[in-house]
Amino acid sequence: MGNYLSAECYKAVHRKYIYIFSAAMLGLVAAFMLLLRVEGMSQSGDGMLMVQRVSVSELLGILAMALSAGLYFLMIAADIVFSDQYKYNTLKNEVSYGLPRWQIYLGKLTASALTAGILCLVLMGGYIGIGCVLFPAGEDFGTNLATFAKWLLIALPLWLGGLGFFNMLQFLIKGSNAATVFYVMVVFLGSGFMDLMEVFLPALQPMADLIRTVSLNTPFILLRTQSPESVMAYAWALGMAWLTVPTIIGAISFQKKEIS
């Protein structure tokens with residue numbers, strides 16, 4: 001298992017995809033930060049430029065509100081690892097080589113998680129680092145940083161749950177585009193779509209309540225009005241369920257799947 005995981009991680013970090021994506025995202029972050037700083041500058045009466053007191057604490061708040069986007073960004077990491085293996089018949093080669101299928105399944109899931117973790121550290125580290133260079137920390141930086149850490153602890157199991165579900169789809173559906181569309185549709189259902197449908201079709205309320213309960217988006221929505229402590233246990237239980245159940249289903253199905 002260790003050798004297979006090392007090989008998968010080696011392939012992932014040697015793909016240009018991961019570096020192009022990281023560079024593009026950090027470039028957008030830098031552009032956003034620079035525009036924010038320029039917009040915060042105004043001309044004073046004596047002709048001197050005054051800088052608006054945008055702080056890193058406020059930037060952390062913006063980042064915290066965007067953590068739900070990780071449910072979609074994780075598809076990048078998973079795609080870097082899986083890399084259209086049905087299309088290029090490379091998965092068939094791995095099976096023919098005699099590798100246990102459970103090892104292939106869990107190896108790609110673990111490699112995807114490690115790749116996603118690296119991307120997360122690079123992108124968040126770049127965001128916070130650029131912010132610290134351009135803006136002051138702010139008076140409540142320590143408090144806001146601790147709060148952001150709690151939000152991140154809530155996001156982590158939800159991201160892992162989404163990764164477990166998407167990994168299952170990649171193994172079961174022979175087409176990366178179809179797997180991506182299906183995943184986005186399932187995740188999108190819990191992001192407010194059912195609330196809209198419930199307005200027009202009140203009979204959907206029981207289904208909408210069930211979808212909201214099991215949706216990976218729900219803890220992020222609850223954080224807008226509730227404390228992180230009150231959401232933490234629910235987020236971890238929900239995320240681990242989304243990770244465990246699809247992984248069991250996917251591993252069993254892949255064990256019986258004919259690879260052609």
Side-chain angles (χ1 to χ4, degrees), residues 21-22 24-26 28-29 32-33 36 56-80 109 112-113 115-128 130-131 144-170 179-198 208-246:
F21 175 75
S22 299
M25 292 303 301
L26 289 177
L28 290 174
V29 167
F32 167 73
M33 297 286 188
L36 190 61
V56 181
S57 294
E58 293 168 324
L59 295 175
L60 283 175
I62 296 174
L63 183 59
M65 295 299 294
L67 288 178
S68 60
L71 292 173
Y72 302 96
F73 279 117
L74 62 85
M75 292 188 293
I76 302 295
D79 183 62
I80 288 172
L109 175 60
S112 297
T115 304
I118 292 172
L119 283 175
C120 180
L121 289 174
V122 170
L123 297 181
M124 287 192 178
Y127 179 95
I128 297 173
I130 296 171
N144 289 341
L145 184 60
T147 301
F148 175 75
K150 293 177 183 178
W151 279 55
L152 196 57
L153 279 174
I154 289 172
L156 177 61
L158 301 173
W159 293 342
L160 289 174
L163 186 62
F165 180 59
F166 186 60
N167 190 66
M168 178 193 74
L169 295 178
Q170 285 187 303
T180 299
V181 170
F182 190 84
Y183 174 83
V184 171
M185 288 177 59
V186 171
V187 174
F188 184 70
L189 282 177
S191 63
F193 177 78
M194 290 306 300
D195 295 336
L196 179 62
M197 291 300 297
E198 195 177 352
D209 291 340
L210 176 61
I211 291 176
R212 276 192 289 266
T213 300
V214 300
S215 171
L216 289 168
N217 272 294
T218 299
F220 293 113
I221 297 174
L222 293 177
L223 280 172
R224 300 173 187 173
T225 56
Q226 299 183 25
S227 67
E229 291 79 6
S230 64
V231 181
M232 188 75 69
Y234 171 49
W236 274 91
L238 183 64
M240 290 301 98
W242 274 90
L243 174 62
T244 304
V245 175

Over 12 non-hydrogen atoms of neighbours within 6.0 angstrom of OH in Tyr234: yes

pair Pro219-Leu158: side-chain heavy atoms closer than 4.5 Å: yes

Partner residues of Phe166 under the ring-ring contact (aromatic ring centres under 6.0 Å, His included) criterion, sequence neighbours left out: Tyr183

Flag side-chain contact, heavy atom, 4.5 Å: Ile76 against Thr115: no

Distance-minimising heavy-atom pair for Ala77 and Ser112: CB-O, 3.8 Å

Heavy-atom side-chain contact between Val184 and Met75 under 4.5 Å: yes

Non-hydrogen atoms of Pro246 and Ala241 that approach each other most closely: CD-O, 3.6 Å

Heavy-atom pair of closest approach, residues Ala113 and Leu160: CB-CD2, 4.4 Å

Shortest non-hydrogen separation from Trp242 to Val214 and the atoms involved: NE1-O, 2.7 Å

Close side-chain approach of Phe182 to Val187, heavy-atom, < 4.5 Å: no

With Trp159 via ring-ring contact (aromatic ring centres under 6.0 Å, His included) - residues at least two apart: none

Arg212 CZ to Leu222 CG distance, which is reported to the nearest 0.5 Å: 11.0 Å

Minimum heavy-atom distance between Leu216 and Gly239, given as atom pair plus value: CD2-CA, 4.5 Å

Heavy-atom closest contact (Thr218 atom, Thr213 atom, distance): OG1-N, 4.5 Å

Nearest-0.5 Å distance that lies between atom CG in Leu59 and atom CE in Met33: 4.5 Å

Flag, side chain of Trp236 to backbone of Val231, donor-acceptor distance under 3.5 Å: no

From CD (Gln226) to CD1 (Ile221), nearest 0.5 Å: 11.5 Å

Atom pair CG/CE of Leu119 and Met124 - distance to nearest 0.5 Å: 11.0 Å

Close side-chain approach of Leu163 and Leu243, heavy atoms under 4.5 Å: no

Those residues that, when tested against Thr244, pass side-chain hydrogen bond (donor to acceptor under 3.5 Å, both in side chains) (two or more places apart): none

Verdict with reasoning, Met25 to Phe73, per side-chain contact (heavy atoms from CB on, under 4.5 Å): CA-CA 11 Å; Met25 292 303 301; Phe73 279 117; 3.7 Å; yes

Side chain proximity check, Asn217 to Ser68, heavy atoms < 4.5 angstrom: yes

Nearest-0.5 Å distance, OG of residue Ser57 to CD1 of residue Ile62: 11.5 Å

Value rounded to 0.5 Å, distance of CG in Leu71 from OG in Ser215: 8.0 Å

Short side-chain to backbone donor-acceptor contact, Asn144 and Gly61, under 3.5 Å: no

